[in-house]
Amino acid sequence: MQGLYLVVDALDIGGVVILAKISGTGGFLATAHSISASETLYRIGICCGLVGILTTVLLAAGLYVTVKPVDANLAITALLFRLAEVALAGVAIVLAFATLQIYLEANRTSAFDTSQLAALADLSSRLSVAPTGLATVVSVIFFSVGSAIFFYLFLRSAYIPRILAAGGLIASLFCLITFVSSLVVVQSSGLLLGIGGLPIGIAEILTGLWLLIRGIRTQPVELQANQPSCGPA
């Protein structure tokens, strides 16, 4: 589990960077030509997200096993939220491949004209794995709840420094608030998503580094406090 935080973040960031670099900021036809010219790399970018989702399942299971002794009910609740995140992220990946097919269709003889394909690509992109895609946003909302519970359980224990756990908890709740707000205040959604995602991204990287370098205690503080003293009376 120690290195999975970093693996998930690296895969997610790498996938987004690849897709953004190939897509560029041009119009539909320019984007379609760019994607067609780098189709294999574009598919690799989407698959980075897919592997990140699969790794998230392993991470969530590891976190559940780790914090279960602190509070089994909260631990299973957090696990369920993270699994719901994975399911929604999987839908986003399917839509991302659908978007790819639409862009590739623009370079072939098609029953749809350019404007129709552009509209389909725009709709699919808005729903898919793009940073502002609806499926991605809702997936992150479920992630935020699960992450907040896991960090809360870390805060109650001595597995990681309390300041690191508290920072992760606050960052998770902030991410939850901003991503839900982006669904309401649509005109500021890009800004809200950028602001909300940064703190939790930093918190996850710092937590991953700590777990990788220092590891965790084998017993939470509460369990240690309940053990009888072996010293002199």
Side-chain angles (χ1 to χ4, degrees), residues 1 4-17 19-20 48-49 52-53 55-64 66-67 71 74-93 95-96 126-156 159-211:
M1 183 193 72
L4 290 180
Y5 263 118
L6 298 178
V7 172
V8 171
D9 288 338
L11 287 168
D12 288 343
I13 293 173
V16 170
V17 170
L19 297 182
C48 282
I53 294 171
T55 308
T56 298
V57 176
L58 301 178
L59 173 62
L63 290 172
Y64 166 73
T66 301
V67 301
D71 190 317
L74 283 179
I76 191 64
T77 301
L79 176 62
L80 291 174
F81 271 101
R82 293 305 302 266
L83 293 180
E85 167 209 341
V86 167
L88 288 165
V91 172
I93 292 294
L95 290 171
R126 289 176 183 273
L127 295 175
S128 66
V129 76
T132 58
L134 182 58
T136 300
V137 171
V138 177
S139 174
V140 172
I141 290 173
F142 277 87
F143 152 78
S144 300
V145 177
S147 177
I149 297 174
F150 276 132
F151 274 115
Y152 169 71
L153 293 175
F154 275 135
L155 184 62
R156 284 180 48 184
Y159 286 139
I160 62 176
R162 292 186 184 276
I163 187 171
L164 191 57
L169 173 59
I170 294 172
S172 298
L173 294 175
F174 182 68
C175 182
L176 173 63
I177 293 171
T178 54
F179 271 66
V180 171
S181 298
S182 73
L183 298 176
V184 179
V185 189
V186 181
Q187 61 272 23
S188 301
S189 61
L191 177 62
L192 289 170
L193 296 179
I195 293 175
L198 182 60
I200 188 58
I202 295 174
E204 286 215 320
I205 291 174
L206 292 177
T207 301
L209 288 173
W210 179 272
L211 292 175

In residues 138-147, what donor-acceptor pairs under 3.5 Å come from side-chain atoms, sequence neighbours left out?
from : atom 1 : to   : atom 2 : distance (Å)
S139 : OG     : E85  : O      : 2.9
S144 : OG     : V140 : O      : 2.8
S147 : OG     : S172 : OG     : 2.8

Legend entry - Minimal non-hydrogen separation, V8 against G52, with atom names: CG2-O, 4.1 Å
Legend entry - Straight-line distance of L59 CG to F150 CZ, nearest 0.5 Å: 8.0 Å
Inset, instruction - Nearest 0.5 Å please: distance from the CG atom of L169 over to the OH atom of Y152. - result: 9.0 Å
Legend entry - Considering all heavy atoms, the nearest T178-G196 contact: OG1-CA, 3.1 Å
Legend entry - Those residues that, when tested against I195, pass side-chain contact (heavy atoms from CB on, under 4.5 Å) (two or more places apart): F174, L191
Inset, instruction - Give, for atom CD1 of I53 and atom SG of C48, the distance between the pair rounded to the nearest 0.5 Å. - result: 11.5 Å
Inset, instruction - Grab the two heavy atoms, one from V186 and one from L183, that are nearest each other, plus how far apart they are. - result: CG2-O, 3.9 Å
Inset, instruction - Using a 4.5 Å cut-off on heavy atoms from C-beta on, say whether the side chain of R82 contacts that of Y64. - result: no
Inset, instruction - For residues L192 and F179, determine if any side-chain heavy atom of one lies less than 4.5 Å from a side-chain heavy atom of the other. - result: no
Inset, instruction - Just grab all the salt bridge (charged side-chain N to carboxylate O under 4.0 Å, His left out) pairs involving residues 191-207, residues at least two apart or on different chains. - result: none
Legend entry - Check: V91 and L95 side chains under 4.5 Å, non-hydrogen atoms: yes
Legend entry - Contacts of type salt bridge (charged side-chain N to carboxylate O under 4.0 Å, His left out), residue D12, not counting sequence neighbours: none
Legend entry - Non-hydrogen atoms of A92 and T136 that approach each other most closely: CB-OG1, 4.0 Å
Legend entry - Side chains of I149 and L79 in contact at under 4.5 Å (non-hydrogen atoms): no
Legend entry - Non-neighbouring partners of I202 that pass side-chain contact (heavy atoms from CB on, under 4.5 Å), sequence neighbours left out: L198, L206
Legend entry - T207 vs F151 side-chain heavy atoms within contact, under 4.5 Å: yes
Legend entry - Qualifying residues under side-chain contact (heavy atoms from CB on, under 4.5 Å), relative to V17, sequence neighbours excluded: I13
Legend entry - Distance-minimising heavy-atom pair for S189 and S182: CB-O, 3.7 Å
Inset, instruction - Grab the two heavy atoms, one from W210 and one from Y159, that are nearest each other, plus how far apart they are. - result: NE1-O, 4.3 Å
Inset, instruction - With rounding to the nearest 0.5 Å, note down the distance linking CG in L209 to CG in L6. - result: 5.0 Å
